[in-house]
Amino acid sequence: RARRTALVRLSRTLRNIERRTQRRTVVAAALIVDRKVLVAQRAMPPQLAGQWEFPGGKVERGETRAAALMRECCEELGCQVAVGPELGRGPLADRAELVLFHVSLLPGSPQPRALENQDVRWLSARELEGLDWVGSNGRYVTEVTARL
Ligand code: 9L3
Ligand code: MG
């Protein structure tokens, strides 16, 4: 019994180490309609409030990237999307990696709108320049612009 308890404790410790050292994947959407791309202004956390990003969020355990992005678009924008090709990827803070996908609105989907106390805007290529971006989001402007 003591050996069993020790094993249970060890496996819990290993799981915690794995959780802390794992690279989290954050997926983001370049949602393009009529030569404009949707960008979202974060309200939270306070350090990122007011900055702009391609909407999305963390991939959960056992979830594919595409499924995570569809879920995030549904939660944050209230719309249904089809996930297209990857447009870029790179490091974010906290050992996380950002992966940006070209995303389009599914036929019959409600129009994307601001939910979760954020603001959203449809911007043209020219308007993407000089935006106050969250972290490394600004690095993908060239890739996104090429699709507009
Ligand atoms: N993040 C950075 N750029 C993005 C997204 C969608 C997210 N385009 C960062 C902000 C947070 C973390 O990733 O620190 C998790 O994002 P969320 O789940 O709070 O949206
Ligand atoms: Mg998010």
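Any value given below was found using the heavy atoms of this structure, including those in side chains, with hydrogens, waters and symmetry copies removed. First listed ligand is number 1; within each ligand, the first listed atom is number 1.
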May I have every N or O pair linking ligand 1 to the protein at under 3.5 Å, one per line with atom names and distance?
{"residue": "ligand 1", "atom": "3 (N)", "partner": "Asn137", "partner atom": "ND2", "Å": "2.8"}
{"residue": "ligand 1", "atom": "8 (N)", "partner": "Phe54", "partner atom": "O", "Å": "2.8"}
{"residue": "ligand 1", "atom": "8 (N)", "partner": "Asn137", "partner atom": "OD1", "Å": "2.8"}
{"residue": "ligand 1", "atom": "19 (O)", "partner": "Arg42", "partner atom": "NH2", "Å": "2.9"}
{"residue": "ligand 1", "atom": "20 (O)", "partner": "Arg42", "partner atom": "NH1", "Å": "3.2"}
{"residue": "ligand 1", "atom": "20 (O)", "partner": "Gly56", "partner atom": "O", "Å": "3.2"}

Handout entry: Side-chain touch Thr145/Tyr140, heavy atoms, less than 4.5 angstrom
Key = no

Handout entry: Salt-bridge present (Arg42, Glu53; N to O < 4.0 Å)
Key = yes

Practice task
Could I get the full list of side chain to side chain contact (heavy atoms under 4.5 Å, CB included) partners for Glu72, not counting sequence neighbours?
Solution key: Glu75, Glu76

Exercise for the section: Assess Glu76: does it contribute an N, O or S atom lying under 2.8 Å from the Mg ion (ligand 2)? Expected result: yes

Practice task
Specify whether an N/O/S atom of Gly56 falls short of 2.8 Å from the Mg ion (ligand 2).
Solution key: yes

Problem - Qualifying residue, where the test is side chain to side chain contact (heavy atoms under 4.5 Å, CB included) with Val39 and the options are Val134, Val120, Leu128 - result: Leu128

Exercise for the section: State plainly whether one hydrophobic cluster holds both Val33 and Val81, where clusters connect Ile, Leu, Val, Met, Phe, Trp and Tyr through side-chain heavy atoms under 4.5 angstrom apart. Expected result: yes

Problem - Same cluster (ILVMFWY, side-chain, under 4.5 Å), Val103 and Trp122 - result: yes

Practice task
Could you state whether Val27 and Trp52 fall into the same hydrophobic cluster, counting links through intermediate Ile, Leu, Val, Met, Phe, Trp or Tyr residues with side-chain heavy atoms under 4.5 angstrom apart?
Solution key: no

